[in-house]
Amino acid sequence: MSRTKLVLTGNYASAYAVLHSKVEIVPAYPITPQTTIVEKIDEFIETGMLDATMVRVESEHSAMAVAIGASAVGVRTYTATSSHGLLYMYENLWWAANARLPIVATFVTRTLGPPWNIWSDHQDFMTLRDSGWILFMVKDAQEAYDLTIQAFKIAENPDVRLPVGIAYDAFVISHTAEPVELLTQEEADKFLPSPRAIQPLLDVDKPYSIGNLPRADYHYILRKNLWENILDAKKAIREVGREYGELSGRDYSSLVEEYKCEDADTVFISMGAMAGEGMDAVDKLRDKGYKVGHLTIRTYRPFPDHEIKTIAENAKRLIVFSRALSNGKGGILYDDIASTLYREGQRIETYDIIAGLAGTEVSEEDFMKIYYDTRSGKLDTGKSIFIRRGEYV
Amino acid sequence: MGEVMYPVTEPGEGAAGKTGNWRWQKPIIIIDKCVKCGLCWVYCPEPAIYLDKMGYPHVNYEWCKGCGICAHECPSKAIEMVSEYE
Amino acid sequence: MYRPKIVENLGEDEWIYAGHPACHGCGAALGLRHLLKTIGKKSILVVPAGCTSIIAGTMNAATFNIPFIHTAFGAAAAVASGVAEALSKKGMDDINVVVWAGDGGTYDIGLASLSGAAERGHNILFVLDDNEAYMNTGIQRSGGTPRGAWTTTTITGKKEEKKDIMKIVLSHHVPYAATASVAYPLDFNRKVKKALGIKGFKFIHLMAPCPPGWRFETHMTIEIARRAVLSGAWILMEYENGRLRLNPPSSNMLDKRRISLEEYLMMQGRFKHVKRELLEELKRDVELRWSEIKEILEKQGKQ
C-alpha cells in the first residue's frame, strides 16, 4: 500500500493519527472547536475502521477520569478538549501525570471566558505548563498528525511514562484544511509498539494500590522523579522524532524549528499558528537585507533550554511573542525564555510581545512593525508590549 | 535515565503501624461462656479476631484497637472489656 | 475443625489487612471487609476521596489485597467506567469493577459521574458507603445527612431532608439496586453476589454508622446500624429490573412492627438536641418513605 495525501483539517488530521495509532479507548465530551476530532473518531469506530470503544461521557472531568481508569489498566487511551473543557478536567489532568499514565490528548486552544469566545489564544493550554504533561504545540495539520502518532511512542516509553498533549490553535488549524500526508497503516503499526507493552498499574496478579498516602519525604522524591523523567524525555522525543523522520521524510528530532537563524542577529520566538506569519515576516525582512530568523517552540514542556541558549549565543536580540498572559506578570512564553537566559548568564535584548489574545489575528506586518520598532529603540525591554492588529494598545 | 517511580504500594498488615497500641480497653474472651456463634468474628472491623480449629475465637492483640463491638455483640456475654490502665 | 454457619457463608478469606488506619469501631472498615470477602481477588476497587482514602493505608503498606485505585473526589464512577471498558478491551470481562464511595462522593460531588456511568450502563458495581456526612474532613453535612442531624456545618441540626439517592439511581433504569446495612452482613453478602452476577450498572447503598461523626461510643456501631433498620429509619430492600422487594427484617415491618424512632436516634449525640416537634417531623419523614414503599408494592401486586 502506498501513502495517501488527503486534504484535512487539523482536527481530522488528529483523528487520522488516532486511527493509525490503533487507540483502544476514547472518552470524549464535545466542545467547540475540538468536537470534529471526536466526531471523526466516532465515524471511524462506527464504520468498523477502528476497533476502539468510545465512552461518551457527561463532562470533561469524566473524560479524563475515564482515560485515567483505562490507561491504568494498560490500554492505549486518547481524548481531546479545549478551553473551559480543559479547565473542567484540570484536576484529572494533573492526576494523570502524577499517576504516570501514558494518555495522549489534543488541546485545541481557545480563549477563556467570560465573555464567551471560541477563537484561539493559548491561555487554556498554558495552564498545563507545570502539570507534568509533555506538551507540544504544532503549527499545521501535518504536524498535528505526525506528532500525535509520535506522542503515543513517547508517552508509553517505560523511561518516560507521562501523558502527552498536542495543542494547536482553534480554527486557524483545527478547521482549516490543507494537504496532509498519512502513513500507511503498516508503517504506523511498525513504528508504534503494541499497546500490550503498556505496563498496567491495575493488575489482579499484582494487587497494588495506586495513590496511597505517602510520607512527605518520599512524596518529595516522587515529585523529583517526575521532574527528572520529564527532562530526560527530551532524549526520547528527539529519538522518536528522528525515527519518524527516517520513516516519513519529516524530521522531528529537534524540540524546536529554526528558520533562518544561523546568521540572524534578531530572532522572533513564537508558538503555534502565528509561527507561520513569523516566518513570512522573516522572508520579507530578509528581502530588505535584515538578518532576521524565527524560532518555533514545538516542544513546550520539557522546555528547550539548550536550543534557546544556542540561539542566544549567536543573536543580539530576541523578540518573544506570547499568546497567553500571566496576569500581573507578563507574557508566559517570554518568562520561560527570560528564565532560561538568566540561568545561562546570557543578557541580550529580549522583548515581551503580547499578541493574538482573544483570537485576534497576528499578521506578518505585526512581526515586521515590532522588528522595526525594536531596532529604532522605540520599545522597552522592561515592559510587556501589547499589540493588536498593528496597533499598540 | 532515572527509572520511573510509580505511586503504588504493595499490600500488607499494619498500614497504620501496630494498631494494638491504640487500645484503651481490651477484649478478654471467656472461652467457658462462648457458644461459638462467630458473631465477634463477623463484626470485627479490623479483622483482629481469628477462630481456632474448634471454632473458638481469639483476639489478635497486635491489631485489635479495642472498639468493643465484639463484646457488645456477643450473645452469651463471653467477652469482657478490661481497661488497659488498671 | 468446626465453623459456625455464618462464618462458612461469609468465607474466611480476608482481603483487607489488619492494622489499617480506620477509627475504632468504623462501620466503613467493616463494610469493606465484607465487600472484599464477597468480590474476592479477581476484582478492582475504585475509591474517591473520603475516609477510605485513609483506610487504604500508606505507601508503607496497602490495606487491601486487591488492585485499588484512588480517584479525585468526583471521579470514581468515571474512572471505574474506564477501568471496565479497558478490561473488556483486553478480554478480561471476568474481573469485577467495584466503586466504593462515601456519601459526599455519591450524593454530592460524585453525582454527575455516577449518573453518567449509570446511564451508559458500564459493567460496574457501585457501593455507596453512607455515613451521612463528610466524616474524613471532620463531620460536615452532605446531601446524605438526615434532617435534624448535628454536623460541624449544621450545628443547630440540618434543616433539609436526606436526598433520596435511590430514586435518582432508579431513574436510570439500572438492572439492580439495593440497600444494605453493616449490621446485616449476610444480606449485604447476598446482594453483592447477586449484583456481580448481573451485567451492567449495579448500585448498593450500604448504611455504615460512624462513631466519631454520629457521636456514639465505638462498641455501638452494629447496635445503632441494627436499630436504624428495626426502627424503620433504614429500610432493607432491593430492586431487580425496577421491581421492589423488601428484605428481612424490613419485610416484616410494613405494618409498623418497629421499635420507636427514639430508640435509634437517641443513642446518637448528633440527635441529642432533637425536641418533640422535630422528632415528630422526623417520624413523618420515615412514615412517608414507608407509605411510598407500600404504594409501590401494592402497584406491583396488581400487575
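First the proteins, then the strands, lettered A, B, ... as listed; each starts at 1.
- For A:V204 against C:S43, the heavy-atom pair with the smallest separation is CG1-N, 3.9 Å.
- The contact between C:I95 and chain A is made entirely by side chain atoms (from C-beta outward), counting heavy-atom distances below 4.5 Å.
- Here C:T71 contributes atom OG1 and A:I68 contributes atom CD1; the two are 8.5 Å apart, rounded to the nearest 0.5 Å.
- Ranking C:A117, C:S81, C:A112 against chain A, the residue ahead of the rest is C:A112, based on heavy-atom pairs under 4.5 Å.
- Heavy atoms closer than 4.5 Å to chain A are found in both the backbone and the side chain of C:L87.
- For chain A, the option among C:A77, C:P67, C:G57 with the highest count of heavy-atom pairs below 4.5 Å is C:P67.
- Put simply, the side chain of A:L202 reaches to within 4.5 Å of the side chain of C:V83, judged on heavy atoms.
- With a 4.5 angstrom heavy-atom cutoff, A:V75 touches chain C only via side-chain atoms.
- Using a 4.5 Å cut-off between heavy atoms, A:D203 touches chain C through its backbone atoms (N, CA, C, O) alone.
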Please assess A:V66 against C:V79 for the test side-chain contact (heavy atoms from CB on, under 4.5 Å), listing each intermediate value before the final yes or no.
CA-CA 5 Å; A:V66 167; C:V79 171; over 6 Å; no
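- Counting heavy-atom pairs closer than 4.5 Å to chain A, the top-ranked of the candidates C:G82, C:S113, C:A84, C:G116 is C:G82.
- By number of non-hydrogen pairs under 4.5 angstrom with chain C, the leading residue of A:N92, A:L201, A:V57, A:T77 is A:V57.
- Residue A:Y208 touches chain C through its backbone alone, counting heavy-atom pairs closer than 4.5 Å.
- Residue contact with chain C, scored on non-hydrogen atoms closer than 4.5 Å, involves the side chain of A:P200 exclusively.
- In A:Y88, the OH atom is not crowded: 12 or fewer heavy atoms of neighbouring residues, nucleotides or ligands sit closer than 6.0 Å.
- Taking both residues in full, the closest heavy atoms of C:F64 and A:S209 are given as O-OG, 4.4 Å, listed atom of the first, atom of the second, then distance.
- Across every non-hydrogen atom of C:G74 and A:H61, the tightest pair is C-CE1, 4.2 Å.
- In this structure, chain C has no heavy atom under 4.5 Å from any part of A:P27.
- Environment of NZ in C:K194: crowded, with over 12 heavy atoms of neighbouring residues, nucleotides or ligands closer than 6.0 Å.
- With a 4.5 angstrom heavy-atom cutoff, C:S53 touches chain A only via backbone atoms.
- Counting heavy atoms from C-beta on, the side chains of C:K89 and A:V73 never come closer than 4.5 Å.
- Of the inter-residue distances, the one linking A:Y218 atom OH with C:T58 atom OG1 reads 11.5 Å to the nearest 0.5 angstrom.
- Residue C:L45 does not touch chain A at all, counting heavy-atom pairs closer than 4.5 Å.
- Closest non-hydrogen pair, C:A56 versus A:N212, comes out as O-ND2, 2.9 Å.
- Across every non-hydrogen atom of C:R120 and A:E58, the tightest pair is NH1-OE1, 2.8 Å.
- For chain C, the option among A:K206, A:M64, A:R215, A:R56 with the highest count of heavy-atom pairs below 4.5 Å is A:R56.
- For A:T53, the parts sitting under 4.5 Å from any heavy atom of chain C are the backbone and the side chain alike.
- When all heavy atoms of C:K90 and A:G74 are compared, the pair lying nearest together is NZ-O, 4.1 Å.
- Using a 4.5 Å cut-off between heavy atoms, A:A99 does not touch chain C at all.
- For A:E24, the parts lying near chain C are the backbone and the side chain together; criterion is any non-hydrogen pair under 4.5 Å.
- Of the two parts of A:D205, neither the backbone nor the side chain holds a non-hydrogen atom closer than 4.5 Å to a non-hydrogen atom of chain C.
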